[in-house]
Amino acid sequence: MPQESEAVIGAEWGDEGKGKIVDYLAENADVVARFSGGDNAGHSVTAGGRELKLHLIPSGVLHPNVISVIGSEVVVNPLTLIQEIEHLREQNVDIDPARFLVDRHATLIMPWHRMRDALQEAARSGKGGKIGTTGRGIGPSYSDRTARIGLTVNDLLAGDFEQRVIDELGRQEKIVRQMQGEPLVSEIIGQLHDAGDRGELLDILERSITKQPFDKEQILADLDRARSILSPFITNTVPFVRDTVMKNGRVLFEGAQGVLLDLTHGTLPFVTSSHPGVAGITVGFGIHRDQLKRVVGVIKAFQTRVGEGPMPTEQQEKIAERLRGTGANPWDEFGTTTGRPRRVGWLDGPLTRYGASIGGATSLAVTKLDILAGMGDIPFCVGYKVGGIVYKEPPTMDVHFLNDAEPIYELQPGWEMPQGGVKTPNDIPENARRYLERVEDFVGLPVTIASFGADREATILL
Ligand code: IMP
């Protein structure tokens, strides 16, 4: 069995701080491979002294000896991708075909997917069921893939590429026209106007109800530019990644989102459309959990969620403001992709155990322990009460059950950050260590990485 490859996955609702852990582990990797999701994800990297927000390109690109891969199960918005390549090149980060590969089988996210995402959300919002998506067209592009329609990266290489795009545009216009039938869309446009909203969502919705919702010439021109920039990177990544794993190369699989947002195992419908756990690696690369040395499930010391859906331990007002921060710091809890304030709450033991287990984690990394410092005793959720019955595990991810779940908390003694921060295992405050031990015990996995701050040196191997 191969011994050297590993994965980093989010065990909660995303934004657990995976980028930081990937960045840390990428130093020893040969390959960093992104396996699921699209530009709904986001992580910040520092290049040329400037902070860049990357959505698609794995953070491995910043390590000169690492080959970065975008796999077949990723949904690729070609315009986001070329923008990121250009930004990185401006910062003198070398993006060369020997070090960056994009799978030819990945599905493309096109303007119609973003439009359908907006239309679906508009239709749902009137009925109180808005998901709160990132608006990046993720759901519609994955649905096209399962419906076996849509364009793939491969189409960018085809001789008759223009014709393929024109044919697809025709099909998609029909789909969008069917969706416009909803009188609700006009109502929502009216409401957004009344609210003085001139945002991108309003633009997309307005365009959707015109006779020609898509600008064919612009789409063709954009894709033509994308294909000239992307062509050198396009390949079949599966044999390369599989060979590297099987020959004991060090592949680091980089997760996006979190297992509680898994299409099948999350809080449907408030989920994303991919599989953020090890299942996504298997689908995208044909690599299985027993071919990995370890799978690091990343969790935060408290919990956050963006978008709608149940969150039993959610906090409001003062505690929420304290956990979230004001937005003044880059690590405050505001979405990297949408800028939305994240919902925040205490660590939910049963959901974390579920996420880590379904995702296939073999150890945990716990981030942002510094944020809990100075807050006094820390509530840790160890079960729920629903209709007078106590549950130690969520018996279902059904949203009605979780909405009704009243968390049962255990108070963990709090801690203060030591002067000079935490830079070695010896600097970890005694009660923070106890908190980690309680998490280990409850989730049933060892905590092997703990992070006490934004600096690299605040990430501690245990
Ligand atoms: P979508 O992936 O844009 O369709 O959004 C579906 C749900 O997943 C929404 O609740 C989003 O807020 C959430 N989501 C998607 N990507 C991320 C992420 O990278 N971090 C946190 N939440 C995310």
Side-chain angles (χ1 to χ4, degrees), residues 36-40 55-56 70-83 85 101-123 133-182 185 200-201 203-238 263 272-274 283-284:
S36 69
D39 60 346
N40 48 349
H55 299 282
L56 276 171
I70 292 182
S72 63
E73 263 298 288
V74 176
V75 279
V76 175
N77 185 324
L79 301 188
T80 307
L81 187 52
I82 59 174
Q83 218 174 45
I85 291 174
L101 318 174
V102 180
D103 197 280
R104 60 192 301 167
H105 304 103
T107 285
L108 289 182
I109 298 186
M110 298 294 296
W112 38 82
H113 295 123
R114 295 198 64 184
M115 187 172 282
R116 282 165 52 194
D117 199 350
L119 284 166
Q120 275 167 359
E121 282 289 82
T133 70
T134 59
R136 297 299 176 120
I138 304 298
S141 56
Y142 274 115
S143 349
D144 279 3
R145 190 167 174 92
T146 30
R148 295 152 292 182
I149 57 171
L151 299 169
T152 63
V153 170
N154 216 16
D155 290 310
L156 293 177
L157 301 178
D160 61 346
F161 140 85
E162 279 211 356
Q163 193 52 49
R164 291 187 191 198
V165 176
I166 292 166
D167 290 348
E168 184 62 21
L169 191 142
R171 269 194 291 274
Q172 295 285 341
E173 267 184 3
K174 282 189 204 135
I175 297 176
V176 165
R177 240 176 253 130
Q178 281 163 5
M179 296 177 79
Q180 296 161 2
E182 290 271 358
V185 173
E200 203 185 2
L201 177 66
D203 289 345
I204 293 178
L205 288 175
E206 279 182 340
R207 223 170 37 242
S208 78
I209 54 173
T210 60
K211 245 187 164 166
Q212 279 181 325
F214 304 115
D215 182 341
K216 183 171 95 182
E217 298 312 321
Q218 183 68 50
I219 289 174
L220 284 172
D222 284 347
L223 274 190
D224 198 42
R225 202 164 85 79
R227 89 186 192 135
S228 66
I229 296 175
L230 297 180
S231 291
F233 306 110
I234 299 173
T235 183
N236 182 2
T237 66
V238 175
L263 176 63
T272 190
S273 297
S274 61
V283 178

From CA spacing to verdict: side chain to side chain contact (heavy atoms under 4.5 Å, CB included), V165, L220: CA-CA 7 Å; V165 176; L220 284 172; 3.8 Å; yes

I70 vs L81, side chain to side chain contact (heavy atoms under 4.5 Å, CB included): CA-CA, chis, key distance, verdict: CA-CA 10 Å; I70 292 182; L81 187 52; 3.9 Å; yes

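No donor-acceptor distance shorter than 3.5 angstrom exists from the side chain of S36 to the backbone of V74, with no hydrogens or angles considered. The backbone N or O of G38 sits less than 3.5 Å from a side-chain atom of N40, completing a donor-acceptor pair. At least one donor-acceptor pair closer than 3.5 Å links the side chain of D155 to the backbone N or O of T152. Between the S231 side chain and the S228 main chain, no donor and acceptor come within less than 3.5 Å of each other.
Looking at L101 and I234, their side chains never come closer than 4.5 Å, going by heavy atoms from C-beta outward. Contact check for E168 versus W112: side-chain heavy atoms found under the 4.5 Å cut-off. For the pair V153 and L230, the minimum side-chain heavy-atom distance is 4.5 Å or more. Between T235 and D103, the closest side-chain pair of non-hydrogen atoms is not below 4.5 Å. When side chains are defined from C-beta on, L223 counts as touching L156, because their heavy atoms get closer than 4.5 Å. Side-chain contact between I85 and F233: present, with at least one pair of heavy atoms (C-beta onward) separated by less than 4.5 Å. Between L157 and R227, the closest side-chain pair of non-hydrogen atoms is not below 4.5 Å. Annotation: side chain of L169 is not in contact with side chain of Q172 (no heavy-atom distance under 4.5 Å).
Here the closest non-hydrogen pair linking P78 and A226 is CB-CB, 3.9 Å. Between S208 and L205, the shortest heavy-atom distance links the atoms OG-O, 2.6 Å. Residues G284 and V238 come closest through the heavy atom pair O-CG2, 3.6 Å.
Remark: F161 pairs with no residue by the ring pair (Phe, Tyr, Trp, His ring centres under 6.0 Å) rule, at least two apart or across chains.
Interatomic distance, CD of E206 versus CG of L201, reported as 10.0 Å (0.5 Å rounding). Interatomic distance, CD of Q120 versus NE2 of H113, reported as 10.5 Å (0.5 Å rounding). Note that CD of E121 and CD1 of I204 are 12.0 Å apart. Values are rounded to the nearest 0.5 Å. Atom CZ of residue F214 and atom CE of residue M110 lie 9.0 Å apart, to the nearest 0.5 angstrom. Once rounded to the nearest 0.5 Å, the distance linking NE2 of H55 with CD of Q83 reads 8.5 Å. Of the inter-residue distances, the one linking K216 atom NZ with E162 atom CD reads 9.0 Å to the nearest 0.5 angstrom.
Surrounding CD of Q212 are at most 12 heavy atoms belonging to other residues, nucleotides or ligands under 6.0 Å away.
Looking at N154 and H105, their side chains never bring a donor and an acceptor atom within 3.5 Å of each other.
Residues D160 and R164 are paired through a salt bridge, judged by an N-O separation under 4.0 Å between the basic side chain and the carboxylate. Between D203 and R114 there is no salt bridge, since no side-chain nitrogen of the basic residue lies less than 4.0 Å from a carboxylate oxygen of the acidic one.
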Acceptor/donor pairs from residues 136-143 side chains to any protein atom, 3.5 angstrom cut, sequence neighbours excluded:
residue, atom, partner, partner atom, Å
R136, NH1, D39, OD2, 3.3
S141, OG, G137, O, 3.0
S141, OG, I138, O, 2.9
Y142, OH, G37, N, 3.0
Y142, OH, E73, O, 2.6
S143, OG, G139, O, 2.6

